[in-house]
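Notes follow once the structure below has been shown.
Protein chains get the first letters and strands the later ones, always in sequence-line order, with residue 1 at the start of each.
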Protein chains: 2
Amino acid sequence: MVERKNGETRIQQKNARKIIDAATIEFSKEGFRGGTLDAISRRAGLSKPNLLYYFRNKHDLYQAALNHVLDIWLSPLGELDPAADPEEQLRGYIEKKMDLSRKHPAASRMFANEILKGANNAGPDLEAKLGELASKFNKVWCHWQSENKVAQVDGLHLIFMIWAMTQHYADFEAQIKMLTGKTIADKAFYETAKENIIHIIFDGIKNGHPPHCDGMAEDV
Amino acid sequence: MVERKNGETRIQQKNARKIIDAATIEFSKEGFRGGTLDAISRRAGLSKPNLLYYFRNKHDLYQAALNHVLDIWLSPLGELDPAADPEEQLRGYIEKKMDLSRKHPAASRMFANEILKGANNAGPDLEAKLGELASKFNKVWCHWQSENKVAQVDGLHLIFMIWAMTQHYADFEAQIKMLTGKTIADKAFYETAKENIIHIIFDGIKNGHPPHCDGMAEDV
DNA sequence: GTCTATAAGAGGATAGAC
DNA sequence: GTCTATCCTCTTATAGAC
């Protein structure tokens, strides 16, 4: 009956938070089965039974960590402004997603792992949250299309591709490090990656457009 | 001393193959730690000790399955022809990668899982093979750039993005199914996904280029 | 709230018959 | 080559003292 907040004392909240952070790291490295309560409790700096005082079992802890990851992951979209310039709006969105991948690579990988394995532990929350994000995006996108401000690309497929590209540098970090020696923890590398993504998404990889004057629109 | 081929009898090869296929599915669903010899042997239709007659332990089996996945995964690039049309060559490459994702989603997910977890079990083979692919691609890309046939996008980052986009529909299948109700097993959905990727990569998402006539190149 | 000790069970690996 | 039975380790979870 001391300092409380949502029915939990401060020390409870602090410990719960430490455990969730440790769990996120361990689960992102080894998956649900590979992450052990032993390793998590050691990383969090307390004993295994004490950890189980906060979360009644491993699965509950996994879900708590996953929900925390989802909060980080699905927040920053903010709102796309349909009245504003599409290029500026989308650039902002892409930059936010890239920042997230850079600052929370473990969260990105834990999320990716959950999806990769079939998204069986995320609960209906995930579907609801993702669905709202995707449909909001699609709605704004269709609006821009109706005003002829953007290309005739399917909005859902586009958001999938933006997610794929912006999360790739965190999720496939090992491969990228193998081939370049760098990760997006490296600021210069991060900036280059970001600008390349933005260039590809907005302009594609065809040469600088001048040879386009001889004809009509593409047949693609 | 009957029918042999690389020092193995036919029945040995056939069983080894059955086991590797079963292992690929199980490991792709559950990861290394989550995939059990029990489930693999059951799926392959033999007993656990019999499985261990073919592979001395779980880790050896994992590596064998992973190597098989890599063979599938890294083969189809064939060769890009620097003398040919870039758009046609890249379209062909993208289509091959998309076909792979469609036909071997479990292989895609097992590969993705291995990278996600840090690529610690793949051995130096992976680095060598991937490095060769990436540098070959980059060399041809630079050649096209020198002839001003393609945009000034970094070749390595471009191949990362192509991989990210083409593998996304297999690796994030659960999420895509959640949001669209479909997977690329659905032929029409697959074709739409493919054409959207190709459109984005070649032309980007800006509108149909006419408003470009008023000025100079982008400041991006 | 936090710990030590331990129960209970899953899963990898081996022994040895056939 | 393939099986049944078994060993043993690792890991989750609980009991109960402090």
(request) Indicate, with yes or no, if the rings of B:His104 and B:Phe111 have centres closer together than 6.0 Å. (result)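 No - the distance between ring centres of B:His104 and B:Phe111 does not fall below the 6.0 Å cut-off.
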
Between [options], which nucleotide gets closest to the side-chain atoms of [X]?
X	options	answer
A:Leu37	C:dG1, D:dT12, C:dA13	D:dT12
B:Gln12	D:dT11, D:dG1, C:dT2	D:dG1
B:Pro49	D:dT11, C:dT14, D:dG1	C:dT14
B:Tyr53	D:dG1, C:dC3, C:dG1	D:dG1
B:Asn50	C:dG12, D:dT2, C:dG11	D:dT2
A:Leu52	C:dT14, D:dT14, D:dT2	D:dT14
B:Ser47	C:dT2, D:dT4, C:dG1	D:dT4
B:Lys48	C:dG12, D:dT2, D:dT11	C:dG12
B:Asn57	C:dA13, D:dA13, D:dG1	C:dA13

(message) Between B:Asn50 (side chain only) and B:Leu46 (backbone N and O only), is there a donor and an acceptor less than 3.5 Å apart?
(response)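 Side chain of B:Asn50 to backbone of B:Leu46, a donor-acceptor pair under 3.5 Å: no, none is there.
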
(request) Validate the cation-pi geometry between B:Lys58 and B:Phe32: distance from NZ or CZ to the six-membered ring centre under 6.0 Å, angle to the ring axis within 45°. (result)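 Yes, a cation-pi geometry.
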
(request) Grab the CZ-P distance between A:Arg56 and C:dG1 for me, whole Å please. (result)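 Roughly 16 Å, once rounded to whole Å.
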
(request) Kindly calculate the angle separating the two end axes of the helix from C:dG1-D:dC18 to C:dC18-D:dG1, each obtained from five base pairs, and round it to 10 degrees. (result)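 That helix has its two terminal axes inclined by roughly 0°.
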
(request) Considering only NZ, NE, NH1 and NH2 on the basic side and carboxylate oxygens on the acidic side, decide whether A:Asp71 and A:Lys129 come within less than 4.0 Å. (result)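 Yes.
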
